[in-house]
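Read through the structure below, which is laid out as structure tokens, and then see the notes.
Letters A, B, ... mirror the listed sequences (proteins, then strands); counts begin at 1.
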Number of protein chains: 2
Amino acid sequence: MIAGMAPYDPSAFPPFAVTVDLVVLTVRSHALCALAVRRGEPPYQGRWALPGGFVRGDEDLSGAAARELEEETGLRAGSGVHLEQLATYGDPKRDPRMRVVSVAHLVLAPDLPAPRAGGDARSARWAPVEELLRNGEEGALAFDHARILADGVERARSKLEYSALATAFCPPEFTVGELRRVYEAVWGVALDPRNFHRKVTGTVGFLVPTGGTTTRQGGRPAQLFRAGGATILNPPMLRPEV
Amino acid sequence: MIAGMAPYDPSAFPPFAVTVDLVVLTVRSHALCALAVRRGEPPYQGRWALPGGFVRGDEDLSGAAARELEEETGLRAGSGVHLEQLATYGDPKRDPRMRVVSVAHLVLAPDLPAPRAGGDARSARWAPVEELLRNGEEGALAFDHARILADGVERARSKLEYSALATAFCPPEFTVGELRRVYEAVWGVALDPRNFHRKVTGTVGFLVPTGGTTTRQGGRPAQLFRAGGATILNPPMLRPEV
DNA sequence: CCAATAGTGTCTATTAGACACTATTGG
DNA sequence: CCAATAGTGTCTAATAGACACTATTGG
């Protein structure tokens, strides 16, 4: 109730720290992987965590997320890399030091050479999400980051059904088979290559042929495509039943 | 970059105010309506806004949203009323007084007798969302609340497709026709009553017959149902093409 | 009776999924 | 040649949508 309090009195509301945390997903060797950084300080010193940091006084939330992304990976949002807000986590006890509200963002990126460490000396790595979420005690992510990662993975899995975001995991030019392997890695299922091919090439706006071909996957040369303008898939790609 | 800053030094991060804003939706006389409150203080004094307020130092985000909801409407989340986090809005200039990050929540509720004013003297009303979003200058919502409302409405429209949330707009017992009028009001389309009936009664877990009937809508007596346990609809209810 | 709403049956065009088959490369 | 991947054709079961028809109330 803003009107019921004194909005100009700084003591009328409790101060919060606001951070952004990043769930950066990619597909590496048939596995869905997330970017993790090792914490250099307490709390959770030495544990793996999601990359993130404080929102500055003059930047908006997506700007802070884009800045952190570039600092951690060198990636710039847009131009093939997808960034969207995921959810906000504000349990009073989620950070033992102080009251921190974290606005998590989801990033989908093509396979990258190697994560680069941030400006400081922290190490960073790509880890299969299955491994990051499986871990019990000692290998588990810091703070509530396992929960955030799980939410981001579920968002990505769901979005592949009704949006064209799977192309964000692919290089600028890719084959239908490579796109299919993205779906298979994210969903963790095997898809029929023939029905998949017919479906994605028949969905208007999803794929645009570039005219080139490649044999980088072996076998018969495959047509190369780039992402079409469509963002919403109609009809959607349905995830097979469990 | 948490590790790169001094996390215990209060001057190392800028202080934020954190609020929750509520998009409370209901269906009244065939129209999708949202709860709006009139602002009693500057900025935007006298303008309509979404209900909301500061998050307290010891409560989590959904707790703050539930508290504000009860203060504004007397509704308690759960038991037929749906509350979920929507998105977070943090543009540095969204509030002229100070840096405020608002975690918006979406509430779906059955038709209510009348909104009750909050503890203070502010007035409150249900307004068709079409009217709140249509308005140019003088009737427009305060702050970035038009954007928040639009995002909430789009979330609700989308969720009716693949979840059983439409029942949150209905009283505890309702007919298939009443449920259909919810879909029609939220989506703004006309649906075939016969196909709709077959579809919702054929989706397992969506509706449970109570055994009673009613003629409150006129015509032949209709069976009464309550919401089944299902949260995800399979198959989904598809929104007709544009 | 008529108007209104509830509910069932049936037909058709479309689609998801299974799978046979051909095409084109490298080794 | 064989193995691997790409791509097309075809069949079947399920489904969305159109719409005829019957059922049961109030006025």
Side-chain angles (χ1 to χ4, degrees), chain A residues 29-30 160-162 166 170-171 173-185 187 189-204 206-226 232-242, chain B residues 27 29-30 160-162 170-171 173-185 187 189-204 206-226 232-242:
Chain A
S29 56
H30 285 221
L160 255 54
E161 291 198 73
Y162 56 88
C170 295
E173 296 198 353
F174 53 89
T175 69
V176 171
E178 289 163 351
L179 183 66
R180 176 171 48 82
R181 281 178 273 276
V182 164
Y183 273 90
E184 291 178 330
W187 286 346
V189 299
L191 299 174
D192 185 295
R194 301 156 293 184
N195 291 335
F196 183 87
H197 188 283
R198 188 159 23 84
K199 178 125 195 183
V200 296
T201 55
T203 298
V204 291
F206 194 4
L207 302 182
V208 176
T210 66
T213 61
T214 182
T215 58
R216 61 189 175 214
Q217 301 289 342
R220 169 177 168 181
Q223 276 187 274
L224 285 169
F225 296 85
R226 57 179 175 77
I232 295 180
L233 290 189
N234 202 315
M237 300 289 304
L238 294 179
R239 196 173 356 175
E241 307 288 313
V242 213
Chain B
V27 174
S29 57
H30 286 220
L160 287 209
E161 291 198 75
Y162 55 87
C170 295
E173 297 199 350
F174 53 89
T175 69
V176 171
E178 289 162 352
L179 183 66
R180 175 171 49 81
R181 279 178 275 275
V182 164
Y183 274 89
E184 291 178 330
W187 285 348
V189 298
L191 299 174
D192 185 294
R194 300 156 294 185
N195 290 335
F196 183 88
H197 188 283
R198 188 159 24 84
K199 179 125 196 186
V200 296
T201 55
T203 299
V204 291
F206 195 2
L207 302 183
V208 176
T210 65
T213 62
T214 181
T215 59
R216 62 188 175 216
Q217 300 289 340
R220 169 178 169 179
Q223 278 186 271
L224 285 168
F225 296 86
R226 57 180 175 77
I232 295 180
L233 291 189
N234 202 315
M237 299 288 305
L238 293 179
R239 195 169 1 172
E241 306 290 314
V242 214

Legend entry - pair Met237(A)-Val200(A): side-chain heavy atoms closer than 4.5 Å: yes

Legend entry - Exercise: identify the closest heavy-atom pair between Glu161(B) and Leu238(B): OE1-CA, 3.8 Å

Inset, instruction - Assign Arg180(A) to base, sugar-phosphate, or nothing according to its heavy-atom contacts below 4.0 angstrom with the strands shown. - result: sugar-phosphate

Inset, instruction - Indicate for each nucleotide in nucleotides 17-27 of chain C, in 5' to 3' sequence, whether protein heavy atoms under 4.0 Å reach the base (B), only the sugar-phosphate (S), or nothing (-). - result: BBBB--BBB--

Legend entry - CD on Glu178(A) to CZ on Phe225(A), rounded to 0.5 Å: 11.0 Å

Inset, instruction - With DNA chain D as reference, determine whether Gly177(A) or Pro235(B) sits nearer its 5' end, using the nearest nucleotide of each. - result: Gly177(A)

Inset, instruction - Note every stem involving DNA chain D: at least three consecutive Watson-Crick or G-U wobble pairs, i with j then i+1 with j-1, with both distances under 3.5 Å. - result: C:1-27 with D:1-27

Inset, instruction - List in chain and number order the residues that pass ring-ring contact (aromatic ring centres under 6.0 Å, His included) with Phe196(A), two or more places apart in sequence or in another chain; answer none if no residue qualifies. - result: Tyr183(A)

Inset, instruction - Write down the distance between CZ (Phe196(B)) and C1' (dA16(D)), rounded to a whole number of angstrom. - result: 14 Å

Legend entry - Arg216(B) side chain near Leu224(B) side chain, heavy-atom distance below 4.5 Å: yes

Inset, instruction - State whether the side chain of Glu184(A) and the backbone N or O of Leu191(A) hold a donor-acceptor pair below 3.5 Å, judged by distance alone. - result: yes

Legend entry - Euclidean distance, atom CZ of residue Arg216(B) to atom C1' of dA6(C) [Å, nearest integer]: 14 Å

Inset, instruction - Determine: side-chain N/O of His197(A) to OP1/OP2 of dG7(D), distance under 4.0 Å, yes or no. - result: yes

Legend entry - Protein-nucleotide distance (Gln217(B), atom CD; dG7(C), atom C1'), rounded to Å: 16 Å

Legend entry - Heavy-atom closest pair, residues Thr203(B) and Leu233(B): CG2-CD2, 4.0 Å

Inset, instruction - Evaluate the side chain to side chain contact (heavy atoms under 4.5 Å, CB included) criterion for residues Gln223(B) and Thr175(B): first the C-alpha distance (whole Å), next the side-chain angles of each, then the deciding distance (0.1 Å), finally the verdict. - result: CA-CA 6 Å; Gln223(B) 278 186 271; Thr175(B) 69; over 6 Å; no

Inset, instruction - May I have the distance from Arg181(A) (atom CZ) to dA4(D) (atom C1'), rounded to whole angstrom? - result: 11 Å

